[in-house]
Amino acid sequence: MQTKPIPVRFEPSLLRLLNEGAKRTPHKKQELIRLTLRRHLAAVIEEESNASARRVTNVKPWDESELRKAYARVGNEWDALEEAATRAQGRPDLND
């Protein structure tokens, strides 16, 4: 099988763990990395690919009819607010 070297930078904590694994097992650091990738890479890929699809909240999104009702209600409230604000201003005075 043809192999291709890939440079990888490891955090100090991972290096310490690899060194410990090389001491405690009959495998070298390279072989430990290969074994770990073979055994766990598919699960990590699956987990990470679903991470972006997860919902941030547990609130159900509104369907189209609920959105229409909400926007219609906000529109009516806004019109009433503008009318009340206009009445509260009083008569215009050109002497100001």
Side-chain angles (χ1 to χ4, degrees):
M1 174 168 65
Q2 185 179 9
T3 61
K4 178 180 177 183
I6 298 175
V8 180
R9 293 192 177 118
F10 292 103
E11 300 166 0
S13 59
L14 284 175
L15 281 175
R16 282 193 298 274
L17 197 55
L18 271 173
N19 287 331
E20 180 185 339
K23 288 177 188 174
R24 294 178 56 189
T25 66
H27 304 294
K28 295 179 181 177
K29 288 189 270 187
Q30 286 181 338
E31 189 58 29
L32 281 174
I33 293 168
R34 283 190 209 103
L35 283 170
T36 305
L37 288 173
R38 279 190 201 112
R39 292 179 185 174
H40 303 288
L41 184 58
V44 170
I45 290 170
E46 190 62 34
E47 182 181 320
E48 291 298 317
S49 67
N50 291 336
S52 62
R54 279 191 221 132
R55 299 221 7 227
V56 175
T57 179
N58 61 356
V59 178
K60 176 182 84 112
W62 289 2
D63 61 20
E64 194 172 325
S65 64
E66 291 171 327
L67 283 172
R68 263 193 250 108
K69 288 177 191 174
Y71 280 112
R73 187 176 49 220
V74 169
N76 295 338
E77 291 172 355
W78 182 255
D79 293 340
L81 178 66
E82 280 186 330
E83 189 176 320
T86 304
R87 273 188 268 119
Q89 288 179 1
R91 296 190 159 260
D93 186 11
L94 300 175
N95 296 325
D96 280 344

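Note that the structure is predicted; figures quoted are calculated from it, not measured.
In this structure, the side chain of Glu46 does not engage the main chain of Ala43 through any donor-acceptor pair within 3.5 Å.
Residues Leu18 and Leu35 fall into different hydrophobic clusters, defined by Ile, Leu, Val, Met, Phe, Trp and Tyr side chains chained together at heavy-atom separations under 4.5 Å. The same ILVMFWY cluster, assembled from side-chain heavy atoms under 4.5 Å apart, contains both Leu32 and Phe10. In the hydrophobic cluster analysis, where Ile, Leu, Val, Met, Phe, Trp and Tyr join through side-chain heavy atoms closer than 4.5 angstrom, Leu15 is grouped together with Leu37.
The CD atom of Glu31 sits 5.5 Å away from the CZ atom of Arg38 when rounded to the nearest 0.5 Å. Of the inter-residue distances, the one linking Arg16 atom CZ with Asn19 atom CG reads 9.5 Å to the nearest 0.5 angstrom. Considering NZ of Lys29 and CG of Leu14, their distance stands at 12.0 Å, rounded to 0.5 Å. To the nearest 0.5 angstrom, His27 atom NE2 is 9.5 Å from Thr36 atom OG1.
Counting heavy-atom neighbours within 6.0 Å of Glu82 CD, excluding the residue itself, gives a total above 12.
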